[in-house]
Amino acid sequence: MFSIFTSIVIWALLGSLIGWWLGPFIGLALFCGGLLMLIFISTLQLSRVERWTRNLSDPPPPAIGPWDAILAPIYRQLRRDRQEIQELNRYVDGIMMAAEALPDGAITLNGEMELQWCNQTACEHIGLNLATDRHHSIFNILREPEFSRYARQPQWDGPLLLHLSKDGRERSLLLQLTPYGLGQFLIVTRDVTQVEMLETTRKDFVANVSHELRTPLTVLLGFLETLQDMPAESLPLEQRQRYEQMMLEQTRHMQSIVSDLLTLSTLESSPTVEGETVQVSQLIESALKQGEAISGGQHSFVTDIDPRIAIQGMETELSSAVSNLITNAVRYTPKDGTITVRWYLNDSGEACYSVQDTGIGIAAQDIPRLTERFYRVDKGRSRSTGGTGLGLAITKHIIVRHNAELQIQSRLGVGSVFMLRFPKSRVRLQDC
């Protein structure tokens with residue numbers, strides 16, 4: 001504005017000098033003409049400034065007279081503000097990406113417990129849809145009575161364990177509600193389904209191994225107390241020998257349990273195995289002879305074995321897996337039943353070892369748990385047929401170490417099919 005005032009003063013002095021020299025009328029006309037020119041120039045400059053204000057991201061127009069000193073610091077400040085906003089946006093985007101990448105679910109609520117935002121993990125845990133559920137009460141979305149009672153507490157000292165059912169699948173969630181900011185709330189969800197399953201398996205294992213060892217120990221203790229309390233001459237030799245034989249059987253049973261547990265521990269310590277080329281057909285023939293001996297002629301055996309198919313692996317482990325399936329089939333197939341053993345290549349080039357029986361079958365709810373340690377579908381019948389209850393658990397670990405897969409199909413009263421499927425990378429074809 002100082003420059004405009006200076007221009008007016010200059011024009012006034014110039015008009016006064018011209019008026020003193022050529023007359024007051026000419027001086028006044030010159031002064032008025034100068035004012036009009038200043039007004040026109042200022043109007044043009046203001047017009048350019050007005051056009052610039054429509055897009056402040058562009059630099060201000062050059063050569064706008066006194067407006068240069070005003071607009072330059074304004075533009076510099078706007079540019080700094082834009083850079084700070086961009087930096088903040090990048091920071092916020094980074095936070096949002098980190099929140100989306102969290103393995104735990106995160107849900108934000110306003111003071112009325114209405115959904116504001118959630119990450120993808122929370123959507124999977126609870127079944128949220130941010131597009132449709134935003135601004136809806138969390139109590140209308142998560143309609144579990146336990147959650148409602150938990151969320152309506154004045155404070156939350158600990159998390160809530162919630163069991164949800166979605167698409168026929170049970171899921172265990174740990175929810176923690178926490179206040180933050182000004183009247184806002186955060187819910188953190190964690191899927192602990194696998195942890196609960198492992199804890200249940202651990203408890204079952206401890207209970208089962210205690211039970212498995214307690215039975216033979218009770219028998220041993222009973223016989224030893226009997227022998228200790230009775231005079232040696234009062235017990236017939238035949239009865240003493242029978243007691244010793246039964247104690248020997250129970251001791252061997254405990255030894256088998258301990259041996260199988262050590263085998264499992266060894267298998268778990270090494271996730272994969274390379275080994276060498278193994279002639280599986282020979283292992284099957286050997287296992288069949290063992291199965292026929294256990295059967296004692298009570299079962300019919302049908303075989304379809306391709307001797308060309310070999311497997312890259314550990315012979316001792318594969319022998320154990322092959323033998324376990326045949327032995328189980330014999331034990332759980334009634335007299336006059338049929339056991340079919342096959343070793344072949346499927347259409348995908350995978351090597352398949354299947355053992356099919358016409359035995360008692362397995363209920364659908366028991367099949368997923370068959371490979372758990374000491375899991376028995378029928379505890380009384382299982383013990384009467386022998387075994388430690390660890391055979392399928394060992395077989396599963398052997399199969400995993402050979403990058404293979406154990407598949408089980410069964411129907412109660414009809415029979416079962418146990419199949420070991422080895423990948424093409426393990427298959428070795430040889431000439432007979």
Side-chain angles (χ1 to χ4, degrees), residues 84-205 268 271-272 364-365 367-372 396-397 400 403 405-407:
E84 291 179 2
I85 291 172
Q86 290 174 355
E87 186 66 26
L88 288 174
N89 285 336
R90 284 194 294 269
Y91 182 68
V92 170
D93 290 342
I95 293 176
M96 297 301 293
M97 290 175 64
E100 287 290 349
L102 284 173
D104 295 338
I107 305 170
T108 59
L109 310 172
N110 61 14
E112 287 72 38
M113 290 286 183
E114 295 175 344
L115 177 66
Q116 300 298 301
W117 173 85
C118 66
N119 64 1
Q120 185 59 37
T121 306
C123 292
E124 295 172 358
H125 284 175
I126 302 180
L128 296 174
N129 186 335
L130 194 57
T132 57
D133 293 335
R134 193 192 297 269
H135 306 308
H136 285 75
S137 173
I138 190 64
F139 300 112
N140 294 333
I141 301 170
L142 191 55
R143 299 174 178 270
E144 297 295 325
E146 299 92 336
F147 173 74
S148 180
R149 289 192 294 269
Y150 171 76
R152 296 183 191 278
Q153 294 179 136
Q155 59 182 10
W156 308 276
D157 298 328
L160 168 70
L161 181 60
L162 200 60
H163 295 90
L164 302 176
S165 179
K166 182 183 177 184
D167 299 330
R169 177 191 172 193
E170 293 292 332
R171 170 173 276 172
S172 300
L173 290 181
L174 207 61
L175 280 78
Q176 176 69 62
L177 186 57
T178 306
Y180 80 100
L182 298 176
Q184 294 176 298
F185 302 95
L186 172 68
I187 297 178
V188 177
T189 64
R190 174 171 295 177
D191 192 337
V192 294
T193 306
Q194 189 65 23
V195 174
E196 277 206 331
M197 290 177 60
L198 291 174
E199 181 64 18
T200 301
T201 301
R202 184 191 66 81
K203 291 179 179 178
D204 289 346
F205 169 72
E268 289 175 339
T272 59
Q365 66 270 18
I367 292 178
R369 300 193 62 186
L370 285 178
T371 56
E372 293 181 13
K396 180 182 178 182
H397 279 80
V400 170
N403 311 115
E405 183 181 357
L406 170 62
Q407 295 180 337

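Here, residue 1 is the first one in the sequence, and each next residue gets the next number. Since the model is a prediction, treat every value here as computed from it, not as a measurement.
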Indicate yes or no: at least one non-hydrogen side-chain atom of [X] is less than 4.5 angstrom from one of [Y].
X	Y	value
Phe147	Leu173	no
Leu115	His136	no
Gln153	Leu160	no
Thr178	Val188	no

Can you tell me how far the [atom1] atom of [X] sits from the [atom2] atom of [Y], to the nearest 0.5 Å?
X	Y	atom1	atom2	result
Asn119	Met97	CG	CE	13.5 Å
Leu109	His135	CG	NE2	12.5 Å
Leu186	Cys118	CG	SG	11.5 Å
Ile138	Ile187	CD1	CD1	5.0 Å

Under 3.5 Å, which donor-acceptor pairs link side chains of residues 124-131 to any protein atom two or more places apart or in another chain?
unit_1, atom_1, unit_2, atom_2, d
His125, ND1, Thr189, OG1, 2.8
Asn129, OD1, Ala131, N, 3.1

side-chain hydrogen bond (donor to acceptor under 3.5 Å, both in side chains) partners for [X], two or more places apart:
X	answer
Ser148	Arg152
Thr193	Asp191
Arg90	Glu87
Glu114	Asn110

Contacts of type side chain to side chain contact (heavy atoms under 4.5 Å, CB included), residue [X], not counting sequence neighbours:
X	answer
Ala99	Trp117
Gln194	Met197, Leu198
Tyr91	Ile95
His163	Leu161, Ser172, Glu196

Report summary line: So the salt bridge (Lys or Arg N to Asp or Glu O under 4.0 Å) pairs with at least one residue in residues 175-186 (sequence neighbours excluded) are none
Report summary line: In short, salt bridge (Lys or Arg N to Asp or Glu O under 4.0 Å) pairs touching residues 99-109 with sequence neighbours left out are Asp104-Arg190
Over all heavy atoms of both residues, which pair between [X] and [Y] is shortest? Give the atoms and the distance, please.
X	Y	answer
Ala151	Phe139	CB-CE2, 3.5 Å
Thr121	Gly105	CG2-N, 3.6 Å
Tyr150	Trp156	O-NE1, 2.8 Å

Requested in this report: For Leu174 and Val195, run side chain to side chain contact (heavy atoms under 4.5 Å, CB included): C-alpha distance rounded to whole Å, both residues' side-chain angles, the deciding distance at 0.1 Å, then the answer.
Outcome: CA-CA 11 Å; Leu174 207 61; Val195 174; over 6 Å; no
Query raised in the report: For Glu405, which residues count as a salt bridge (charged side-chain N to carboxylate O under 4.0 Å, His left out) partner, sequence neighbours excluded?
Result: Arg421
Report task. Could you give me the CA-CA distance, side-chain angles and deciding distance for Thr108 and Gln184, then say whether side chain to side chain contact (heavy atoms under 4.5 Å, CB included) is met? Result -> CA-CA 7 Å; Thr108 59; Gln184 294 176 298; over 6 Å; no
